[in-house]
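Atoms within each ligand, like the ligands themselves, are counted from 1 in listed order.
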Amino acid sequence: MVSKKLEKAINEQINAEFWSAYLYLSMSAHFANEGLDGFANWFHVQFQEEQDHAIKFMNYLIAKGNKVELKPIEKVETSWESLLKAFEETLAHEKVVTGLIHDLVGLARSENDYSTENMLQWYVNEQVEEEETAQSMIDSLKLIGDNGFGIYTMDKELGQRTHEPVDTSATD
Ligand code: OFO
């Protein structure tokens with residue numbers, strides 16, 4: 001079992017992961033409305049990944065004999081003034097998530113909870129990738145600027161992204 005304090009913190013993180021999923025689903029819907037189906041697809045895959053992150057945490061708590069408590073998901077924005085703004089928000093949000101994951105590592109360490117610390121390493125690595133991906137989308141969009149053909153090409157490319165399910169088992 002993990003401590004009550006860690007159980008509470010992981011349940012809060014589960015909520016944060018579902019909130020992230022909600023945020024990216026909302027971005028996906030917004031860009032689908034704008035006719036940018038490739039960007040919508042990219043955010044939809046992101047939505048699916050965030051659900052995987054939440055479920056992986058849930059499976060960990062269950063494996064440890066702890067209680068999962070699903071809390072209400074806060075409202076998210078429904079529109080963004082540009083693609084660049086949406087990806088800047090994505091990067092800022094992922095940085096916040098990185099901080100939350102690091103806080104969890106700190107808490108697990110302070111309790112000498114080695115299995116939780118070990119499980120969290122997966123998320124530590126995942127956050128490096130999440131931030132790098134968001135940053136590279138921002139870089140591409142800045143290069144493209146308001147070149148319509150560039151946006152069209154990027155949209156087509158992002159339409160190819162598919163969801164590669166995360167291993168949501170408690171120990172991987
Ligand atoms: Fe976007 O990352 Fe979850 O943890």
Of all N, O or S atoms in Glu94, the one closest to atom 1 (Fe) of ligand 1 is OE2

With atom 1 (Fe) of ligand 1 as the reference point, give the N/O/S atom of Glu130 that is nearest.
OE2

Any chance the side chains of Glu117 and Gln121 put a donor and an acceptor closer than 3.5 Å?
no

Thr116-Tyr60 side chain donor-acceptor pair, cut-off 3.5 Å
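Tyr60 and Thr116 do have a side-chain donor-acceptor pair below 3.5 Å.
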
for atom 1 (Fe) of ligand 1, nearest protein heavy atom and its distance come out as Glu50 OE2, 2.0 Å

Are the side chains of Phe57 and Met119 in contact, using a 4.5 Å heavy-atom criterion?
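Yes, at least one pair of side-chain atoms sits under 4.5 Å.
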
Looking only at distances, can you tell me whether any N or O atom of Gln127, backbone or side chain, sits closer than 3.5 Å to an N or O atom of ligand 1?
yes

Compute the shortest N/O to N/O distance between Gln13 and ligand 1 and return yes if it is under 3.5 Å, no if not.
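Between Gln13 and ligand 1, no N or O pair is found under 3.5 Å apart.
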
For the rings on Trp42 and Phe87, is their centre-to-centre separation under 6.0 Å?
yes

What angle, in degrees and rounded to 10°, do you get at atom 3 (Fe) of ligand 1 when you join it to ND1 of His53 and to OE1 of Glu17?
100°

Would you say Glu126 has an N, O or S atom lying under 2.8 Å from atom 3 (Fe) of ligand 1?
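No - counting backbone and side chain alike, Glu126 has no N, O or S atom under 2.8 Å.
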
Return yes when atom CD of Glu77 has more than 12 non-hydrogen atoms of other residues, nucleotides or ligands closer than 6.0 Å, and no otherwise.
no

Please determine if Glu89 and Lys85 form a salt bridge, counting it only when a charged side-chain N lies under 4.0 Å from a carboxylate O.
no

List every atom of ligand 1 that sits less than 4.0 Å from any heavy atom of Val97, numbering the atoms from 1 in the order shown and giving each element.
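Those of ligand 1 that fall under 4.0 Å from Val97 are 4 (O).
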
